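Numbers restart at 1 for each chain; the letters A, B, ... are given by sequence-line order, proteins then strands. Please read all numbers here as calculations on a predicted model, not as lab measurements.
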Amino acid sequence: MKGAPHMAEKLTPREKGFSEWYVDLVQKAKLADYSDVKGCMVIRPNGYALWENMQRVLDKMFKDLGHKNAYFPLLIPESYLKKEAEHVEGFNPQLAVVTHAGGSKLEEPYVIRPTSETIINRSFAKWIQSYRDLPLLLNQWANVMRWEMRTRLFLRTTEFLWQEGHTCHETEEDAEKETRQMLEVYRTFAEDYMAMPVMTGQKSESERFAGALRTYSIEAMMQDKKALQAGTSHNLGQNFAKAFDTQFQGRDGKMHHVWQTSWGVSTRLIGGLIMTHSDDAGLIVPPKLAATHVVIIPIFGKASDAEKAQVLEKTNALAADLRKAGLGVVLDDDDTKSPGFKYNEHELIGTCLRIELGPKDLAKNSCVMVRRDVRQKEFVSLDEAVSKAQAMLDAMQKDLFTKAKSFRDSHTFEVNSYEELKEKADQGFLLAHWNLDPKVEARIKEETGLTTRCRPFDLKQEPGKCVVTGEPSPGRIVFSKAY
RNA sequence: CGGGGAGUGGCUCAGCCUGGUAGAGCACUUGGUUCGGGACCAAGGGGUCGCAGGUUCAAAUCCUGUCUCCCCGACCA
């Protein structure tokens, strides 16, 4: 007897409403939940596990390059923020401020950090004396708060988790090298671990971080063809060093301001991961970041008690073997739920690989394996189960990237007129000439909803004519609707 | 912040217009039968109707305020 599908369990299909699909998925896959605090979310164990895996990988990548972790206060004296004029101007509208503490009004309000350049520079100024102290390479895993008008789970919340790298260098060249190097780290992480292809490039003047010389970003394309800025790396020049008097005595015996960088990725990456790979059945997670790689579902059918015992014994042994091989394994032997229910459930929460094992398989010394992304059944000998599972996970990791990349590439266009730009506004990444004028950029945004994402490094910059004004353009920049 | 929609057991929603003892399906608990794509039967448990005021003999229902969420815009990682 088959019951009707439980409509309540199904996600809104992407075609019907991408935003609703996303919200449904985040909640039904138990990644996050709303809280009673405006704009803030609760990251549930399924979601936090993804973040922990991201942290683990990134942390190692940072440390391998010589960065060390540290921790600075959540609260920043308001006066610190005001030291760098552009910085405070940029962040002012988004600040939460603590005015009272310990039962009385504070002499000077504290700002809840929107980012930590200022308070970190206060320490840098104390710690750095000589060029021998450089480079100084720090990273902080922390929460930050930016008051937002409109929030979306993972993509934009008032409080979010991130890492912020902060480095000091002797020369501008060293700082630039670091800025670009960390952007490459982000690209590697996004592509090799998240299986999310990204464009790297420089942000336009209007998209530059408040207080930076230059901002670079990695930009990914979501399944609805909108861009997601997935990470940023800033060359801060000497702006903060001058504001906080962070100086060192150079090889020439004279005092110099340090050259700085900062770079960050946040829990927004989880949103990017979801919107890059997942489907109408639920979450799809690249194996390299999955907490649970395999679910084993024992099937009992009309089996006798003795057969059931045998099935259970086999599934237990298989689970142990898979774990020994380093995989995250769940043995779902709950006999109050039907196999079909479990299939759907694990597709919803994004378990990478499903293994079914029943009496019929036992008789053939085999099992059934199903990859979450392609959902096709494959019969596998139990003797080869572990190696086959690993091979399927490897293939899945590669295929997810390939699929996402071909999606992005097939929705990336060279556009040569303003008409065409308007026409293709919803179709993905549009490579167009622009004369660098922020007013023209603002007009395009106003009229089409398109923003400049970045000037891609791997796109040869050839002069042309601005699609709006016809004036000279140094090269094409990516326009897209964006999160 | 503007426009639109919505808050009623864990979830999806009905009831509200026209005030009068709070409902359904799913989920949950227990027992039994089931089991290769969301099983079935039976018996149970669970809700001060987002919150705060007000009107009234009486408020989920009417009035005022407020909070939150969703969709579409403007601001941002």
* Once the angle between the rings of A:His67 and A:Phe62 is folded into 0 to 90°, is it parallel (under 30°), tilted (30 to 60°) or perpendicular (over 60°)? -> perpendicular
* Could you tell me whether the phosphate oxygens of B:C72, OP1 or OP2, come under 4.0 Å of any side-chain nitrogen or oxygen in A:Arg150? => yes
* Residues which pass side chain to side chain donor-acceptor pair (under 3.5 Å) with A:Glu207, listed by chain and number, not counting sequence neighbours -> none
* **Nucleic acid contacts of residues 260-280 of chain A, taken as heavy-atom distances under 4.0 Å to RNA chain B** => A:Ser266, A:Arg268
* To do: May I ask you to evaluate whether A:Tyr34 reaches the phosphate of B:C70, defined as a side-chain N or O under 4.0 Å from OP1 or OP2?
  => yes
* **Residues in side chain to side chain donor-acceptor pair (under 3.5 Å) contact with A:Tyr216, at least two apart in sequence or another chain** => A:Glu176, A:Arg214
* To do: Could you work out the separation of B:C49 and B:C41 based on their P atoms and round it to a whole Å?
  => 33 Å
* Asked: Parallel under 30°, tilted from 30 to 60°, perpendicular over 60°: which one fits the rings of A:Phe244 and A:Phe240?
  -> parallel
* Is A:Ser19 near enough to B:C71 that one of its side-chain N or O atoms lies under 4.0 angstrom from OP1 or OP2? -> yes
* **Any N/O donor-acceptor pair, A:Arg354 side-chain to B:G37 base, under 3.5 Å** => yes
* Asked: Can you name the one residue among A:Arg455, A:Glu441, A:Glu205 that meets side chain to side chain contact (heavy atoms under 4.5 Å, CB included) with A:Leu436?
  -> A:Arg455
* Using a heavy-atom cut-off of under 4.0 Å over every strand shown, decide if A:Pro359 touches base, sugar-phosphate, or nothing. => base
* To do: Would you mind classifying the nucleic acid contact of A:Thr157 as base, sugar-phosphate or nothing, using non-hydrogen atoms under 4.0 angstrom?
  => base
* Salt-bridge criterion met for A:Arg375 and A:Glu347 (N-O under 4.0 Å) -> yes
* To do: Kindly say whether, by distance alone, the side chain of A:Glu356 makes a donor-acceptor pair under 3.5 Å with the base of B:G37?
  => no
